[in-house]
There are 2 protein chains.
Amino acid sequence: MDIPSKEGFLSNIAYDSVIFGFSGNTLKILILEYHNTGFFALPGGFVKIDEDLNDAVKRGLKERTGLDKIFLEQFYTFGKTSRKDSAAMETILKANGFKVDKQSWLLDRFISVAYYALINYEDVSPQPDELSDSINWYPIDELPPLIFGHDEIVKKAIQTLRDNLERKLVGINLLPSKFTMKELQQVHEAILNKKLRRTTFQRKMLGMEILERHEKQFSGKAHKAPYLYSFNKVTSGQQ
Amino acid sequence: MDIPSKEGFLSNIAYDSVIFGFSGNTLKILILEYHNTGFFALPGGFVKIDEDLNDAVKRGLKERTGLDKIFLEQFYTFGKTSRKDSAAMETILKANGFKVDKQSWLLDRFISVAYYALINYEDVSPQPDELSDSINWYPIDELPPLIFGHDEIVKKAIQTLRDNLERKLVGINLLPSKFTMKELQQVHEAILNKKLRRTTFQRKMLGMEILERHEKQFSGKAHKAPYLYSFNKVTSGQQ
DNA sequence: TTTTATTGTCTCAATTTATTACAATAATAC
DNA sequence: GTATTATTGTAATAAATTGAGACAATAAAA
């Protein structure tokens, strides 16, 4: 079988996406594993000749998660020559039954534009692409080693998410449309990896005047029921 | 004359740099003008096949400014298809006496990784490249219209600089190694485009404990001489 | 010697943030 | 039913930060 054609894609340019979800009080990332190689990597892809870069990333996310409108933000472009790993790529292609030509565009060097996405964990059942075996959620502190320098990309994604958390209140994008104050606090705690003070957190969130209060949620627990909140404006990093 | 050869450069990838300087109490940017076209643009360039992206940008800056170690930070990668302007590029090439081939790589679409640099205005005498006529400082609120979507790049660069100013105290990189508190305040005011309170500003800067105080500067003015300060740790966005 | 303009620092007020306290429940245990 | 338990929402107070003004200390000029 021949390698997928380069036709229609830009050369030397790729994107990678760090897709965050929140479940079991833990921040998780979608990682894919390539068929019969033991190689793990971030989901990524290429840009079509006549496609906006951001649209290419959205297209890839749609294919992987089925989701259309999600929080998505570009955070860095990685361009070190050391990122190239032809041997790993060759292994992956061979494991997928492709005939490998030394001149193949896939063995070439790519500069990768990295994005992070925030999605509601419950909304997705991730789909692997044709080269990969599986795509699964991994807690951010239990990631397998990643190829193609993707470890560094994840590290910077987490740092960016932390930096943006307060300024843009991005954590909301990891929750369902209605959530309790406690859930929001747990998201913040998972991202920052530290405990926050309940009263201060609550006052700060309400003080921002971007939360809308709804009916109470009767949890069945032996205590006062919490209110549900939703976000009352669009916070999207999409340009 | 034939168009410069594509040989040795990555395809579809370029970089653009927004180079800030501070002079006459005003924030300025280096803008180049192409020979006989009336077209203005940011200085940019291409990445060699076996060159790190960051190194390519540093190389370009060195050629334009003669400076080696300067504050440089990547801030966004622009990838809209609408950025392509083959007509303008063709005009530029013709004005430089090149035979233009419709297939030329220079007429192709580029995804541009944008960087901003902060330099000490007095340290440079900018050099135009072979395609351009001149390279000059322009106050940020008196820029000519720029081609290739560079207006948008400048806008985002200024916004990034503002966002980073307090967090990273980047303004220092626009000054000589020794400076007065007043000069530092003027840099901040130029970047934020608003007046700051002298006493509050001074207390905040000194409170950060990253300034070192030196001997007084005798300015020849009829008042108390100010201390000189320098920055006591490296603040570089270089990766 | 006095005047002028600016600098460095202090004080007090205003605002913001942290911490504690406590009343209000929704279910449970008796 | 009534007391108990585990939260939640909010108010009250303390601590920290920031804003605004005051003032003494000059370096040079008048």
Side-chain angles (χ1 to χ4, degrees), chain A residues 24-25 162-169 171-172 175-232, chain B residues 22 24-25 162-163 165-169 171-172 175-232:
Chain A
N25 262 353
R162 279 184 188 147
D163 291 347
N164 288 345
L165 184 61
E166 287 194 50
R167 209 158 37 83
K168 306 204 222 164
L169 216 59
I172 281 165
L175 291 169
S177 61
K178 288 188 180 179
F179 49 86
T180 65
M181 192 59 75
K182 184 168 200 173
E183 288 169 332
L184 183 56
Q185 184 175 340
Q186 285 168 337
V187 165
H188 279 241
E189 289 176 339
I191 292 174
L192 298 174
N193 195 29
K194 69 173 181 191
K195 286 280 166 200
L196 299 173
R197 213 148 239 287
R198 185 179 64 90
T199 52
T200 308
F201 180 79
Q202 185 141 344
R203 184 162 43 86
K204 188 188 277 179
M205 290 301 121
L206 294 178
M208 288 181 147
E209 299 189 342
I210 52 176
L211 294 180
E212 208 165 328
R213 182 177 279 181
H214 300 279
E215 73 286 4
K216 289 196 171 188
Q217 181 191 45
F218 292 84
S219 57
K221 301 283 175 55
H223 55 74
K224 187 174 176 179
Y227 287 110
L228 286 175
Y229 295 89
S230 71
F231 194 45
N232 69 12
Chain B
F22 179 72
N25 262 353
R162 279 185 188 148
D163 291 347
L165 184 61
E166 287 195 49
R167 208 159 35 81
K168 306 203 224 163
L169 215 59
I172 283 166
L175 291 170
S177 61
K178 289 189 181 178
F179 48 87
T180 64
M181 192 59 75
K182 183 166 201 176
E183 288 169 332
L184 183 56
Q185 183 176 342
Q186 285 169 337
V187 165
H188 278 241
E189 289 176 339
I191 292 173
L192 298 174
N193 195 28
K194 68 174 180 191
K195 285 280 166 200
L196 299 174
R197 208 147 244 285
R198 185 179 64 91
T199 52
T200 309
F201 180 79
Q202 185 142 343
R203 184 176 42 187
K204 189 189 276 177
M205 290 302 119
L206 294 177
M208 288 181 147
E209 299 190 340
I210 51 177
L211 293 181
E212 209 165 327
R213 182 177 279 180
H214 301 279
E215 73 286 5
K216 289 196 173 189
Q217 180 192 44
F218 291 84
S219 57
K221 301 281 174 58
H223 55 74
K224 187 174 176 178
Y227 288 111
L228 286 175
Y229 296 90
S230 70
F231 194 44
N232 70 12

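Values below: every heavy atom of this structure, side chains too, minus hydrogens, waters and symmetry copies. Chain letters run A, B, ... following the sequence lines, proteins first and then strands; every chain starts at 1. Please read all numbers here as calculations on a predicted model, not as lab measurements.
- Side-chain atoms of T200(B) lie closest to dA20(D) of the nucleotides dA20(D), dA11(D), dT7(C).
- The nearest heavy atom of DNA chain C to Y229(B) and to T199(A) marks one nucleotide each, and the one closer to the 5' end goes with Y229(B).
- Considering only the side chain of K224(A), dT25(C) comes nearest among dA25(D), dA21(C), dT25(C).
- Side chain of L206(B), nearest nucleotide from dT25(C), dA28(D), dT9(C): dT9(C).
- Rounding to whole angstrom units, NZ of residue K221(B) and C1' of dA5(C) are separated by 10 Å.
- In this structure, R198(A) atom CZ and dG9(D) atom P are separated by 8 Å, rounded to whole Å.
- Distance, R197(A) CZ to dT13(D) P: 18 Å, rounded to whole Å.
- Residues F231(B) and L175(B) are not in side-chain contact: their nearest non-hydrogen atoms beyond the backbone lie 4.5 Å or more apart.
- In this structure, P226(A) and M181(A) have side chains that are not in contact, with every pair of non-hydrogen atoms separated by 4.5 Å or more.
- At a threshold of 4.0 angstrom between heavy atoms, the contacts of K216(A) are confined to the sugar-phosphate backbone, with no base atom among them.
- The CE-C1' distance, from M208(A) to dT17(C), rounds to 13 Å in whole Å.
- With Q185(A) as reference, E189(A) is the one residue of E189(A), E183(A), K182(A) to meet the side-chain hydrogen bond (donor to acceptor under 3.5 Å, both in side chains) rule.
- If you measure from atom CZ of R203(A) to atom C1' of dT15(C), you get 12 Å, rounded to the nearest angstrom.
- Out of dT7(D), dT9(C), dA27(D), the shortest distance to the side chain of Q202(B) is found at dT9(C).
- If you measure from atom NZ of K195(B) to atom C1' of dA20(D), you get 17 Å, rounded to the nearest angstrom.
- The Y227(A) side chain lies nearest to dG9(D) when the options are dA26(C), dG9(D), dA27(D).
- Protein atom NZ of K182(A) is 17 Å distant from nucleotide atom P of dT10(D), rounded to whole Å.
- Shown here is K221(A), whose NZ atom has no more than 12 heavy atoms of other residues, nucleotides or ligands within 6.0 Å.
- Contact of the Y229(B) side chain with the L206(B) side chain is registered, since non-hydrogen atoms from C-beta on lie closer than 4.5 Å.
- Between the NE2 atom of H223(B) and the C1' atom of dG8(C) there is a distance of 13 Å, rounded to whole Å.
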